[in-house]
Participant: 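Let me give you the structure first, and then I'll get to my questions.
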Amino acid sequence: MTTLDVRTIPPVDRHPTIHDAFDELEAGETLTIVNDHEPKPLFYEFQAEVETFDADGYEVDRVENGKFVAKFPKR
């Protein structure tokens, strides 16, 4: 499992960085994102644009204020 903490990445660079990390995964692996907000827009983006994204396996937890952990599984 790959974990990517994007809280220190400038917002404009976050989605491209996340997409690149997801692309490097093998089928069956999961990319875990640590973010400062719930990544719902990213979920919808992946659902619409990334054929290998397993939307049914997506999970997100609010760990604390300013820390959300989301799992993006790859088919």
Side-chain angles (χ1 to χ4, degrees):
M1 178 170 53
T2 301
T3 300
L4 185 61
D5 189 339
V6 298
R7 294 175 293 176
T8 60
I9 298 173
V12 69
D13 296 328
R14 288 182 184 184
H15 285 207
T17 301
I18 293 166
H19 279 275
D20 289 345
F22 187 84
D23 289 343
E24 292 178 15
L25 297 177
E26 297 292 328
E29 293 184 322
T30 298
L31 177 63
T32 300
I33 307 293
V34 180
N35 204 353
D36 56 6
H37 61 277
E38 185 173 354
K40 210 51 154 166
L42 182 65
F43 167 80
Y44 291 128
E45 180 179 312
F46 264 69
Q47 191 176 38
E49 299 175 8
V50 181
E51 192 172 310
T52 57
F53 172 56
D54 178 9
D56 292 332
Y58 171 81
E59 298 176 19
V60 64
D61 291 311
R62 181 179 180 184
V63 178
E64 59 189 45
N65 283 338
K67 185 175 182 181
F68 290 80
V69 177
K71 295 181 179 180
F72 289 79
K74 187 171 188 175
R75 287 186 252 176

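Just so it is clear, the structure is predicted and the values come from calculations on it, not from any experiment.
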Participant: Could you measure the distance from the CD1 atom of Ile18 to the CD1 atom of Ile33? Nearest 0.5 Å is fine.
Facilitator: 4.0 Å
Participant: Search all heavy atoms of Val60 against all heavy atoms of Pro39 and return the closest pair with its distance.
Facilitator: CG2-CD, 3.9 Å
Participant: Does CD in Glu26 sit with more than 12 non-hydrogen atoms of other residues, nucleotides or ligands closer than 6.0 Å?
Facilitator: no
Participant: Can you list the residues that meet the side-chain contact (heavy atoms from CB on, under 4.5 Å) rule with Asp23, with sequence neighbours excluded?
Facilitator: none
Participant: Taking all atoms of both residues into account, what is the closest heavy-atom pair of Arg75 and Glu51, and its distance?
Facilitator: NH2-O, 3.3 Å
Participant: Mind checking who shares a hydrophobic cluster with Met1, ILVMFWY linked at side-chain heavy-atom distances under 4.5 Å?
Facilitator: none
Participant: Is Phe22 close to Phe46 at the side-chain level, that is, under 4.5 Å between some pair of heavy atoms?
Facilitator: yes
Participant: When rounded to the nearest 0.5 angstrom, what is the spacing between NE2 in His15 and CG in Asp20?
Facilitator: 13.0 Å
Participant: Do the side chain of Lys74 and the main chain of Leu31 share a donor and acceptor less than 3.5 angstrom apart?
Facilitator: no
Participant: Find out if a path of hydrophobic residues (ILVMFWY) with successive side-chain heavy-atom gaps under 4.5 Å connects Leu25 to Leu42.
Facilitator: yes
Participant: At their closest point, which heavy atom of Phe72 faces which heavy atom of Phe43, and how far apart are they?
Facilitator: CE2-CA, 4.1 Å
Participant: Give the intermediate values and the outcome of side-chain contact (heavy atoms from CB on, under 4.5 Å) for residues Thr2 and Glu29.
Facilitator: CA-CA 8 Å; Thr2 301; Glu29 293 184 322; 5.6 Å; no
Participant: When rounded to the nearest 0.5 angstrom, what distance separates OG1 in Thr8 from CZ in Arg14?
Facilitator: 8.0 Å
Participant: By side-chain contact (heavy atoms from CB on, under 4.5 Å), which residues pair with Arg7, not counting sequence neighbours?
Facilitator: Asp5, Val34, Asp36, Lys67
Participant: Taking atom NZ as the centre, does Lys71 end up with more than 12 heavy-atom neighbours from other residues, nucleotides or ligands that are less than 6.0 angstrom away?
Facilitator: no
Participant: Which value, rounded to the nearest 0.5 Å, describes the distance between Glu38 atom CD and Asp61 atom CG?
Facilitator: 10.0 Å
Participant: For the atom pair NZ (Lys40) and CZ (Phe68), what is the distance rounded to the nearest 0.5 Å?
Facilitator: 11.5 Å
